[in-house]
K.L.:
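Okay, handing you the structure first.
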There are 2 protein chains.
Amino acid sequence: MTPQPQSPMRKRATILDVASAAGVSRQTVTRAMNDMAGISQETKERVQKLAAELGYVPSRFAKGLVQGARTSVGLAIPDLTNPYFPSFASSVVEAATQRGWNVVMDDYGHGTASAADAAARLSPQVDALIGYLAPHADEVQTLMGRRPVVSLDSPATEGTAGGISFDYSHAARLGLDHLSTSGCRNIVFLDSNRGGPSGGRSAAAAAVAAETGIQLTRIQADPSAAAAREAVTLLAAGGIRPDGMLVFNDLMAAGALKALQEAGLAVPGDCPVIGMDGIPLGELLTPELTTLSLDLRAVGRAAVGLLDGLLSGAIKDRSPEAFLTLRHQLVLRQSA
Amino acid sequence: MTPQPQSPMRKRATILDVASAAGVSRQTVTRAMNDMAGISQETKERVQKLAAELGYVPSRFAKGLVQGARTSVGLAIPDLTNPYFPSFASSVVEAATQRGWNVVMDDYGHGTASAADAAARLSPQVDALIGYLAPHADEVQTLMGRRPVVSLDSPATEGTAGGISFDYSHAARLGLDHLSTSGCRNIVFLDSNRGGPSGGRSAAAAAVAAETGIQLTRIQADPSAAAAREAVTLLAAGGIRPDGMLVFNDLMAAGALKALQEAGLAVPGDCPVIGMDGIPLGELLTPELTTLSLDLRAVGRAAVGLLDGLLSGAIKDRSPEAFLTLRHQLVLRQSA
DNA sequence: GAAGTTGACGTGAACGTTCACGTGCAGAGC
DNA sequence: GCTCTGCACGTGAACGTTCACGTCAACTTC
């Protein structure tokens, strides 16, 4: 409360400064700060007040050293700008908070950084790591040593302690079935051009198409709305008129929607569109986006749950239980 | 590499375990792990390999204790689900990463938590705090003691070390001018019903309206797209037909857009709509959203910049330089 | 009035690093 | 042969807490 400048004093006050100012011992200060028993109300208040005046903040390092780590988990995410990731991050933060963990975040989207860079920064600070790491999941686990890494959407062949993957065959089947039932015969799969997690979706779509005899053309773009929009505009300008579209993710689908409308194709009339992921944004588009939806909060919860098991030893590293597969669900709205 | 189970061993390996395994001293292990001089290549590699095998991870607590904190900053955000906040968070993470800081995140949106709860969790872990804290900014600064807190969008009367606020009068003037110039005479301001930062926007809009003789009706809803949609639907059902709309933020504007269209009002034909914040989502809507845009990356950069000044002492706590005011810019798209 | 109990406080040790030296040894230089 | 230099490595101390005990007086208890 007293605005006491004390500016020249650059060094942090320690517990001993408080103790000597109050004329008591370290331990008594500890008792006062942590509301422990064995101290009179009077002394406790005096010490607390003095501590505040001196700007005393217990060193988290000293505390952690002696008490044995409160766990903090790293969260590595490619791009907070894609609405999918904040939804995911938010559920991770919630689940972690419930367990009393804290979350150190790194967003490696800007610049040319990769998940490995993020992990290198995070590694010295955390006891475990969750993230979208493909195709560097291996490298990240190496960086983390024995500390568990849960990787999302990377092939289980990558050697992380645990992982969550998605059943893209199932998703592709749901999506393509719906489109072909709606009469589409000339479907385009708009894929992301990023090496990483994309492979799964496009491969699954191709496989399902081949199996069911659906004609499927694959085009690619950066996984952003703007790039998707441009790609579809280009496609339409080339005279190609798909009569159905399955898109890598909802954000790209939003861009595709725009481009199709601009090209004079009605959605869903001329060309139904199905997105993937189920981000809240979908409901705000016109037409509202039909999508293969993931329960986003469940994804975060599952990731944290796995980590909990791995940390506690209830789940063994790389054991079958350490890998989960989640399924998409077709949410019908207006666009298909 | 060797999958050596070693599971029963629950305790972490320390530097001494590595040292004795390698037959060298602590200091030599330190030299090997940190690529320091004064060690032979041969020994370095041997130690590193051994360390990896033992799963040795240097304790961040011990390291921090002796080296004096690498700074980590807390980031408290109400709701990652509103696309505004991830954009902001992303720029904070980027700016912090550039300085070699790390970011501990807390999202206090879920449940009934407030910024103060988030700060309580964060406080023992961080050296400084950035966040949307209103109306609990005071309380948060108290929790943080002398450590600097930069609060966004809270009145400068709240006693944080620094802050960033927005010139809502300017924004309201830009928005209302544009609407009234377009011929709107019966404008609705769709406000958030959250106590916090909302006051500023609505008060500024009211003031500008009064000053310029514009007829402005204020309605309120939860700051989400769904709630805004519902509120506007209700409004329209009540027979009230606004001929122009200024909205608390872009997310709510997206909901309003939907509702207006459903109610048979053309946008911008019958009722132009202007949002606030300038989130990327705006471009994906139909019609594309005209908005009072903030340079979101600049906001994060500014916040981290302030914190940097405050931490280094270049800027004094609560001095005039510790408070910045940013301005919105009118970005004309289709909705107005 | 001796023994036990309680409350309020203090002290040594330990947590796992790094820093600032110190040591020993091989070879260079004269 | 002696010092000097450089290299590879080791050792005491310190960082700021908390834990597990101690201590000491005042008060009960019978």
Side-chain angles (χ1 to χ4, degrees), chain A residues 9-48 50-52 54-72 123-127 145-147, chain B residues 9-48 50-52 54-72 123-127 145-147:
Chain A
M9 170 85 166
R10 214 73 205 88
K11 237 175 139 14
R12 283 169 45 135
T14 88
I15 201 172
L16 289 141
D17 298 327
V18 178
S20 74
V24 298
S25 71
R26 291 171 322 201
Q27 185 61 18
T28 297
V29 177
T30 294
R31 284 190 264 252
M33 300 303 290
N34 301 356
D35 269 319
M36 299 167 61
I39 184 177
S40 70
Q41 188 62 25
E42 184 186 19
T43 313
K44 178 188 288 188
E45 280 166 14
R46 192 165 52 89
V47 169
Q48 287 175 341
L50 233 35
L54 293 175
Y56 167 63
V57 178
S59 153
R60 64 175 176 281
F61 298 113
K63 197 172 228 165
L65 188 54
V66 66
Q67 287 185 327
R70 97 193 257 70
T71 61
S72 75
S123 163
Q125 310 293 330
V126 301
D127 307 304
R146 288 228 205 300
R147 293 168 292 174
Chain B
M9 171 89 164
R10 213 73 206 88
K11 233 171 142 22
R12 282 170 44 135
T14 88
I15 201 172
L16 288 143
D17 298 327
V18 179
S20 75
V24 298
S25 72
R26 291 171 323 201
Q27 185 61 18
T28 297
V29 177
T30 294
R31 282 189 265 254
M33 300 303 291
N34 301 356
D35 268 319
M36 300 167 62
I39 184 176
S40 70
Q41 188 61 25
E42 185 187 17
T43 313
K44 178 187 289 187
E45 280 165 12
R46 191 165 51 89
V47 170
Q48 287 175 342
L50 232 37
L54 292 175
Y56 167 64
V57 178
S59 152
R60 64 175 175 282
F61 298 113
K63 198 172 226 165
L65 188 55
V66 65
Q67 287 186 327
R70 98 192 252 72
T71 61
S72 75
S123 164
Q125 310 292 331
V126 302
D127 307 304
R146 287 226 205 304
R147 293 168 293 172

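All chains are named by letter (A, B, ...) in the order of the sequence lines, taking the proteins before the strands, and each is independently numbered beginning at 1. These figures come from a predicted structure and were not determined experimentally.
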K.L.:
Start at the 5' end of DNA chain D and walk down; is the nucleotide closest to B:Gln41 or to B:Leu65 reached first?
P.N.:
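Mapping each residue to its closest nucleotide by heavy atoms, the 5'-most match is B:Gln41.
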
K.L.:
Using 4.0 Å as the upper bound for N to carboxylate O, is an ion pair formed by B:Lys44 and B:Asp35?
P.N.:
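Salt bridge present between B:Asp35 and B:Lys44.
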
K.L.:
Which is the 5'-most and which the 3'-most nucleotide of DNA chain D that has an atom under 4.0 Å from a heavy atom of chain B?
P.N.:
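Nucleotide range with atoms under 4.0 Å of chain B: D:dA8 to D:dG16.
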
K.L.:
In degrees rounded to 10°, what angle is found between the helical axes fit to the five outermost pairs at each end of the helix from C:dG1-D:dC30 to C:dC30-D:dG1?
P.N.:
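For the helix from C:dG1-D:dC30 to C:dC30-D:dG1, the axes at opposite ends meet at about 40°.
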
K.L.:
Which part of the nucleic acid, if any, lies within reach of A:Val57 when heavy atoms closer than 4.0 Å are counted: base, sugar-phosphate only, or nothing?
P.N.:
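Sugar-phosphate contact only - A:Val57 comes under 4.0 Å of backbone atoms but never of a base.
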
K.L.:
How far apart are the closest heavy atoms of A:Tyr56 and A:Thr14, and which atoms are they?
P.N.:
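So the two residues come closest at CE1-C, 3.6 Å.
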
K.L.:
Taking all non-hydrogen atoms of both residues into account, name the closest pair between A:Ala13 and A:Leu54 and its distance.
P.N.:
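In terms of heavy atoms, the two residues are closest at CB-O, 3.8 Å.
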
K.L.:
For the CZ atom of A:Arg147 and the OG1 atom of A:Thr71, what is their distance to the nearest 0.5 Å?
P.N.:
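That separation rounds to 13.0 Å.
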
K.L.:
Give the residues of residues 25-33 of chain A touching DNA chain C, defined as any heavy atom closer than 4.0 Å, sorted by residue number.
P.N.:
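Those residues are A:Ser25, A:Arg26, A:Gln27, A:Thr28, A:Arg31.
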
K.L.:
Are any of the side-chain heavy atoms of A:Thr28 and A:Arg31 separated by less than 4.5 Å?
P.N.:
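Side-chain contact under 4.5 Å: yes.
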
K.L.:
Give, for atom CZ of A:Arg60 and atom CG of B:Asp127, the distance between the pair rounded to the nearest 0.5 Å.
P.N.:
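Nearest 0.5 Å value for the CZ-CG distance: 4.0 Å.
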
K.L.:
To the closest 0.5 Å, what do you measure between CG (B:Asn34) and NZ (B:Lys63)?
P.N.:
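Here the rounded value is 5.0 Å.
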
K.L.:
Output the distance between atom OG1 (B:Thr43) and atom CG (B:Leu50), rounded to the nearest 0.5 Å.
P.N.:
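The OG1 atom of B:Thr43 sits 12.0 Å away from the CG atom of B:Leu50.
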
K.L.:
Could you tell me the separation between the CD1 atom of A:Ile15 and the OG atom of A:Ser20, rounded to the nearest 0.5 Å?
P.N.:
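OG of A:Ser20 is found 11.5 Å from CD1 of A:Ile15.
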
K.L.:
side-chain contact (heavy atoms from CB on, under 4.5 Å) between B:Arg146 and A:Val57: does it pass, once the steps are laid out?
P.N.:
CA-CA 9 Å; B:Arg146 287 226 205 304; A:Val57 178; over 6 Å; no

K.L.:
Which residue lies toward the 5' end of DNA chain D, A:Phe61 or B:Arg46, if each is placed at its nearest nucleotide?
P.N.:
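First, find each residue's nearest nucleotide; the 5'-ward one identifies B:Arg46.
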
